[in-house]
Amino acid sequence: MPVAPPGSDPVLDAAFFRRWLTALAAAVEREADRLTDLDAAIGDADHGSNMLRGFRAVSAALDTDAPATPGAVLVLAGRQLVSTVGGASGPLYGTLLRRAGKALGDAEEVDRERLREALRTGVDAVAQLGGAVPGDKTMLDVLVPAVDALDDSFAAGADAAGKGAVATVPLRARKGRASYLGERSIGHQDPGATSSALIFTTLAEVAG
Ligand code: ADP
Ligand code: MG
């Protein structure tokens, strides 16, 4: 494999996107119990199992199918999430990946800027579908700042994602199941924001 000079981004081709989603699926396996514990506190204790079901289906689909472009990898993954995850997070993450994949079109290779713009299109679609804005204690509290920070580097995206997840702790939930708790949602980290951070930490890992 060619070695990229220090500080430069790797080539983002279909193989890179497969490695990214495979790393994300592994992170979901590792973190599933924690995601479920967070959802037990302010939701219905199924976020870990929802994500596991979804990403096991993504891994299986990537094993049997070999999408030729970055966009096709994301669209395939998004479809699996929509069709296998029953909770609110399935359609939202499915929309994120499908819309980002469509925005990449047929390109065989993309750069960080093009990926960032595609993810921004996906995040806008998530906001439209779920009606949430940053500050509502949802996945958008990670997705929005992390995509902005991808402007600088993959590492900056991961850093912003981690900070965004922690920053949901003092917020009161205004969307999703956690909003039924009102004030009692304060003091807990949002499960969806926590899983969203994995998207960006694994991206930085695979790009690093
Ligand atoms: P469910 O709430 O149906 O049990 P999950 O537990 O899998 O689904 O996912 C819950 C997460 O989904 C929340 O922690 C939150 O981050 C995210 N979420 C829920 N509703 C919305 C929404 N309207 N907009 C954005 N994210 C949302
Ligand atoms: Mg739940």
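Counting convention: from 1, in listed order, for ligands and their atoms alike.
As for D39, its N/O/S atom nearest the Mg ion (ligand 2) is the one called OD2. When you scan the N, O or S atoms of D46 for the one nearest the Mg ion (ligand 2), you land on OD1. Its N, O or S atom nearest to the Mg ion (ligand 2) is what matters here, and for D44 that atom is OD1.
Under the 4.5 Å side-chain heavy-atom criterion for Ile, Leu, Val, Met, Phe, Trp and Tyr, L181 and L38 are members of distinct hydrophobic clusters. Cluster annotation: V147 is connected to F16 through the hydrophobic network of ILVMFWY side chains, with a link wherever side-chain heavy atoms come within less than 4.5 Å.
The backbone N or O of T138 sits less than 3.5 Å from a side-chain atom of D141, completing a donor-acceptor pair. Between the side chain of T168 and the backbone N or O of D190, at least one donor-acceptor pair lies under 3.5 Å. Under the 3.5 Å distance criterion, the side-chain polar atoms of R177 are left unmatched by any main-chain donor or acceptor of I42.
Protein residues with a heavy atom closer than 4.0 Å to ligand 1 are D39, D44, D46, H47, N50, G87, A88, S89, L92, G130, A132, T138, M139, K175, G176, R177, D190, P191, G192, A193, listed by chain and number.
With rounding to the nearest 0.5 Å, the separation of CG in L24 from CZ in R19 is 14.5 Å.
Partners of D37 by side-chain contact (heavy atoms from CB on, under 4.5 Å), not counting sequence neighbours: none found.
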